[in-house]
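Report on the following structure.
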Amino acid sequence: MMSTPISDSQALYIAVELFLAVSSVLGNVMVVWAVKINRALRDTTFCFLVSLALADIAVGALVIPLAINLSIGLQTHFYSCLLVACIVLVLTQSSILALLAIAIDRYLRVKIPTRWSMACIEISPLSHAATGRTFAL
């Protein structure tokens, strides 16, 4: 329970954080939707972008509200606080790792364009479904 009322600066902070959370979720839902409805965007790079968008949706929907709870000084049990901190860390790290995957993909597409595009075609599950090829182990 909070012992003091929320100050004006905390109220402004909460309003800005909530605006960022809502705009993050809506913007990333539009990214996922655009890739879903447009067949030309179903490429390896756009799969990485969808992964980043899903991670950012989780950040906007879960991490920012949890961060607001932490910043206003909500009293919780030790293990509840630990769980919240772990959720915040895991979800923000998933977003960062998705950015890393996009950066590596872009680097390899510039550094070795022909070999990388052939590797992406060979390992892409969409290409196997489109050609009808099946693999047996």
Nearest non-hydrogen partners of Q10 and I72, listed with the distance: NE2-CA, 4.2 Å
Pairwise side-chain contact, L91 with L62, heavy-atom cut-off 4.5 Å (strictly under): yes
Closest contact, heavy atoms only, V25 versus A61: CG2-N, 3.7 Å
T45 to R109 - nearest heavy-atom pair and separation: OG1-NE, 3.4 Å
side-chain contact (heavy atoms from CB on, under 4.5 Å) between I6 and I14, intermediate numbers included: CA-CA 10 Å; I6 296 175; I14 292 170; 4.2 Å; yes
Linked, directly or transitively: I104 and Y107 (ILVMFWY side chains, under 4.5 Å): yes
For V63 against I87, the heavy-atom pair lying closest together: CG2-O, 4.4 Å
Which atom of S71 lies closest to which atom of Y13, heavy atoms considered: OG-CE2, 3.1 Å
Inter- and intrachain pairs under side-chain hydrogen bond (donor to acceptor under 3.5 Å, both in side chains), touching residues 46-59, at least two apart: D56-S95
Pair up each side-chain donor or acceptor in residues 31-38 with any protein partner under 3.5 Å, not counting sequence neighbours, and list the distances.
{"unit_1": "N38", "atom_1": "OD1", "unit_2": "A40", "atom_2": "N", "d": "3.2"}

Same cluster (ILVMFWY, side-chain, under 4.5 Å), Y79 and L70: no
Partner of L49 by side chain to side chain contact (heavy atoms under 4.5 Å, CB included), out of D105, T44, I102: I102
Closest approach of L20 to I64 (non-hydrogen atoms, all atoms of both residues): C-CD1, 4.4 Å
Transitive ILVMFWY cluster of L89, excluding itself - 4.5 Å side-chain cut-off: none
Main-chain N/O of T76 paired with S80 side-chain donor or acceptor, under 3.5 Å: no
Inter-residue atom distance L18.CG - I68.CD1, 0.5 Å rounding: 4.0 Å
